[in-house]
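No hydrogens, no waters, no symmetry mates; every other heavy atom, side chains included, goes into these values.
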Amino acid sequence: AWNHFTGDVEACARDYFSFKRQGGVINDTKSYVLNQKTGLLPLDWDPTQHNIVIFNSSEDEFAALGGEYDQGLYRNQLDAITQLCQSLEGASTLQLWLRIHPNLKNVKWSFAARLLGLEKQYSNIRVISPRSNISSYALLDASDKVVSFGSTIGIEAVYWDKPSILLGRCVYEKLGSVYVPRSHNEAIDLILDRKLAPLDKTGAKKAAVFWSRGGHAIPHFNGNRKVGFDFNGFKLRKTKIETALYNVMKGVERFLLGELLNYYWSRLVTPKRVRKA
């Protein structure tokens, strides 16, 4: 796709990354920065420190992928961030910042709650709630380097001239624009390197071109969840009974099963594991 693209690469990349920064929705279902205040940084942000901003992703999305995406340096994102905090405790001039993905603001699973608790466990990390109006792009611009697990902001950081370290698995990991450590020690060395330079932007441009211009539409199929779908001009509709059954089962899935499973893991299973540890 990259070799056959005949458009203006520079203009395409500039338009894509600028559009994302301004809250535009492309290659996604919604913008996650519209409720953030442009330019807003944490009150205790100290520009004299070596500031490392970690942008996490939704853990449940990674779990749904499975396969080779399970084969990473760490068991999960919480494990990764915990190990970073522990290994970097002696770096007195280094400050970690965790920007919890805004998509997690209504997630009640224990992995999300534990992220919020990291600040109480370690003195070298500040945690920014998913509900906070602190600007993700202000954090990116003010940071010395960015750490991510697959969020698009990891590749966006490269375009905006920031060293970007990828600790998870994602679609842009082999494009050559992000640092992909092969071990925990290598990840620590990259984070501590005050002279770490941003990598070549070509990989970021490839991602921008593909996400904004690449791919192929499914033939004969059109529509979305809001207006409905049609196939080859035939409107796909549910009967009243199908609609009622769908709504009932979605309610069971979201509220009954979701709340019960969350209660089971956060109130019964997790405390037992902590006591055992």
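Counting Ile, Leu, Val, Met, Phe, Trp and Tyr side chains that sit under 4.5 Å apart, directly or through other members, V9 shares a hydrophobic cluster with W2, F5, V209.
Between R194 and D144 no salt bridge is recorded (no basic side-chain N to carboxylate O distance below 4.0 Å). Of the charged side-chain nitrogens involved, none lies within less than 4.0 Å of a carboxylate oxygen, so that R237 and E242 do not count as a salt-bridged pair.
Contacts of F55 classified as ring-ring contact (aromatic ring centres under 6.0 Å, His included), with partners at least two apart in sequence or in another chain: none.
K238 places no side-chain N or O within 3.5 Å of a backbone atom of L245 that could act as its donor or acceptor partner. Looking only at distances, no side-chain donor or acceptor of Q83 sits under 3.5 Å from a matching main-chain atom of A80. Between the side chain of S57 and the main chain of F149, no donor-acceptor pair closer than 3.5 Å is present.
L84 places none of its side-chain heavy atoms less than 4.5 Å from the side chain of I52.
Residues L116 and P130 share a closest heavy-atom pair of CD2-CD, 4.3 Å.
Side-chain contact check for T202 and D200: at least one donor-acceptor pair (N or O, by modelled atom type) lies under 3.5 Å.
Considering CG of L41 and CD1 of I128, their distance stands at 8.5 Å, rounded to 0.5 Å. Within the model, atoms CG of D15 and CD of E10 stand 11.0 Å from one another, a figure rounded to the nearest 0.5 Å.
Between F17 and Y159, the angle of the ring planes stays under 30°, which puts this pair in the parallel group of the 30/60° scheme.
Sequence neighbours left out, the pairs with a member in residues 173-207 that pass ring-ring contact (aromatic ring centres under 6.0 Å, His included) are Y74-H184.
Under a hydrophobic-cluster definition in which Ile, Leu, Val, Met, Phe, Trp and Tyr are linked whenever side-chain heavy atoms come within less than 4.5 Å, directly or via other members, I241 and V248 are assigned to different clusters.
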